[in-house]
Number of protein chains: 2
Amino acid sequence: MYNADEAAGAPTAIICEKIWLAIAERRLRPGTRLKEEQLAEIFSVSRARIRQALTALERDGLVTIMPNRGAFVSEPSVDEARDVFVARRAIEQRVVERLCERANPKDIVRLRGHIEEERIAGHSGNLSDIVRLSGGFHLLLAELSGSAFLFGILRDLVSRTSLITAMYRSNHLHNCGPDEHLAVVEHIASRDVASAIKEMAEHLNHVEAELDLDEEKDQPRDLRTALL
Amino acid sequence: MYNADEAAGAPTAIICEKIWLAIAERRLRPGTRLKEEQLAEIFSVSRARIRQALTALERDGLVTIMPNRGAFVSEPSVDEARDVFVARRAIEQRVVERLCERANPKDIVRLRGHIEEERIAGHSGNLSDIVRLSGGFHLLLAELSGSAFLFGILRDLVSRTSLITAMYRSNHLHNCGPDEHLAVVEHIASRDVASAIKEMAEHLNHVEAELDLDEEKDQPRDLRTALL
DNA sequence: GACTACAAAATTGTAGACAATATTGTGTAC
DNA sequence: GTACACAATATTGTCTACAATTTTGTAGTC
């Protein structure tokens, strides 16, 4: 999705992409078992290729592989969910900093265009587009910051955020609305570093606050803790 | 090494470990080709296992796999090297923040003990120990911060730093001396968040400054740029 | 009747064989 | 003598069959 170009030539990436999207769109729930042979049949590929995809997804934190047990859609703990946001605030602060220094008018145009797409998708209600674009905004910021490395880290963090959102989002979601995105961009456009950083931090706080992270302090991951 | 316990039962991790150490100790230079069959013979394992190890090392940024071409020890660019330090400053700031809040006396003792080990290794001149311990300090901070996730990110960043250090370190290294580590710990011990953050930032700046990152703006990665 | 030990089924892990691709060397034509 | 095309070699990529492990079902015994 955010690497659709690479995916075109790489069959493994296509598998990852589809599984990722299924997770992000909640069609695959956290905890779901992912049998290799079953996936191999579904995608009409060899089991070896499925294994590649699963290990790739594991490194992105989307699936958890238990040795000799199989692969499952990850169930990030509340603590991990919070940690992801800690990391995102840390990384995206630097992204915004860099962007305030380096952003040229063309970048701003592109960012505004992206936000417009988000708005359209929001109205149309296409969940697939909404999920992709809302994370895509943050990735676009990282890309325009000119740091391929920060982009890579954020790509990972955004993926995990998708899973976390799918797992913990409350019913009353307005899910990463484009308004706050626009505010960040406008601060960047006017080279107001402090405001841009603050806006981004608040935005991430809002996204985190909308999740049901406070209520059940630690969800029943174990059967033992779930039943006893 | 930093996951020696996991490595014990996982043959793949052992391979990764050894290759990692060889890179960090400069026995394997950046750009070195890593032939699968050759590695398979050296470690007396199947080629499939070597492939697993290589893909794992690729995700850590230590080796670069070019499709149908093979695996090479990565040659991080100057820009990427700088980015790694940007990311480390961002992440480790948060680590230190958390640690100032949560650190208990036992943690401080453990940190001081680690620094003592670093000092001893520094005197003995055991390169393997020095490399392991100097990165290990930062990982220990992350571990004690109580965030498994931040630990994971930093593990990745520290690995990359090792490669970068091996590639770009100037001749006059004092390489991440224990003195600055101790300063950070003492600030944490006295719950002085601002000073701890500042000390850590300066420490990372020093480590970065000791590298030959300014001189050759972009090293000859391509043959074209190298020879023409 | 319940618990333990054993056996069978299913699923993952591993390895070896085969196919595809890139590189290098050689030969021929101009 | 040089350049291009073709073939040979070496190396990676992929698939299929086999081994190991776990889980589930069953029978026997206390």
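Chain naming here is simple, since letters A, B, ... match the order of the sequence lines and numbering starts at 1 in each.
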Where protein sits on nucleotides 8-23 of chain C, one letter per nucleotide: B base, S sugar-phosphate only, - none, heavy atoms under 4.0 Å: ---SBBBS-B---SSS
With A/Phe137 via ring pair (Phe, Tyr, Trp, His ring centres under 6.0 Å) - residues at least two apart: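 Counting only residues at least two positions away or on another chain, A/Phe137 forms a ring pair (Phe, Tyr, Trp, His ring centres under 6.0 Å) with A/His181.
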Under-4.0 Å salt bridge between B/Arg88 and B/Glu208: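 Looking at B/Arg88 and B/Glu208, the cut-off is not met.
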Using modelled atom types only, decide if a donor and an acceptor are shared between the side chain of [X] and the backbone of [Y] within a distance under 3.5 Å.
{"X": "B/Arg33", "Y": "B/Arg69", "answer": "yes"}
{"X": "A/Thr55", "Y": "A/Arg51", "answer": "yes"}
{"X": "B/Tyr168", "Y": "B/Pro76", "answer": "yes"}

